[in-house]
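Here the structure is laid out as structure tokens; the discussion comes afterwards.
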Amino acid sequence: GQQVMQIPQYQHVQEGEDFTTYCNSSTTLSNIQWYKQRPGGHPVFLIQLVKSGEVKKQKRLTFQFGEAKKNSSLHITATQTTDVGTYFCAGLSGGSYIPTFGRGTSLIVHP
Amino acid sequence: NAGVMQNPRHLVRRRGQEARLRCSPMKGHSHVYWYRQLPEEGLKFMVYLQKENIIDESGMPKERFSAEFPKEGPSILRIQQVVRGDSAAYFCASSGWDSSTDTQYFGPGTRLTVL
């Protein structure tokens, strides 16, 4: 079945440093979604990417979808303590309605 | 416009008891998904339901677990004869009419602890 690998599992950064998490799928995806989960909280939808090579920005967050639609990345510029949490990618293959979640990358920001 | 609601938020059960988790989807949403999350782990799909129909239960254990989404009322995930390994956070999510492209909105989760 479809597998979605996400790296790294943990990332410690100093406040102000950049952060990137990567997501790789074993199959071509129809779309990919990104979620953020704060400690003790629930996943909150951030964005959905659909087109090959698509790049979307939300303030300090930049999301990319690979040309082959098998990988994606989330980059945060100049991290802040409010960015702390676990970032999950979730990929959907063509015709499927059940997204496969990566294990997530936990971001720890040191002030 | 209320979001996805789940109750209870915390549930403690002794081994062998039943756990019943409820989920009310966002207004206007007709698709409900249940996920299980263990500490330090990702979200594991359990079951996908529409009103009065189970569409996909491939992620749900064959024994002790059941789910329903009746015509009226919330979706319910039922775990019979709970064991310690059932301790986890259970999230439900809902989406609109196009389940293949619509965003899933998550509820706050039910944290189940089995003593």
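Proteins come first, then strands; the chains are lettered A, B, ... in the order of their sequence lines, and each starts at number 1.
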Check the pair A/Y35 / B/F106 against ring-ring contact (aromatic ring centres under 6.0 Å, His included), numbers first and verdict last. CA-CA 10 Å; A/Y35 294 82; B/F106 283 81; 5.5 Å; yes
Please check if [X] and [Y] belong to a single hydrophobic cluster, counting links between Ile, Leu, Val, Met, Phe, Trp and Tyr side chain heavy atoms closer than 4.5 Å.
X: A/F88; Y: A/I47; answer: no
X: B/M60; Y: B/I76; answer: no
X: A/F45; Y: B/Y33; answer: yes
X: A/V13; Y: A/I76; answer: yes
X: A/F63; Y: A/L107; answer: yes

Atom NZ of residue position B/K44 - does it have more than 12 heavy atoms of other residues, nucleotides or ligands inside 6.0 Å?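 Open.
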Is it the case that B/Q37 and A/Q37 place a side-chain donor and acceptor less than 3.5 Å from each other?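 Distance-only check passes for B/Q37 and A/Q37.
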Give me the atom names and distance for the closest heavy-atom approach of B/F91 to A/H42.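 So the minimum-distance heavy-atom pair works out to CE2-CB, 3.4 Å.
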Are B/F45 and A/F101 close enough that their ring centers fall under 6.0 Å? no
Atom CG in B/L43, atom OG1 in A/T86: separation rounded to 0.5 Å? 10.0 Å
Set out, in order, the CA-CA distance, both residues' side-chain angles and the distance that settles side-chain contact (heavy atoms from CB on, under 4.5 Å) for B/Y48 and A/I98, then state yes or no. CA-CA 8 Å; B/Y48 163 44; A/I98 307 298; 3.6 Å; yes
Which answer fits A/Q6, side chain, backbone, both or neither, if we ask what part of it has an atom under 4.5 Å from a heavy atom of chain B? neither
With side chains defined as the heavy atoms from C-beta onward, is the minimum distance between A/P99 and B/Y35 less than 4.5 Å?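 Side-chain contact under 4.5 Å: yes.
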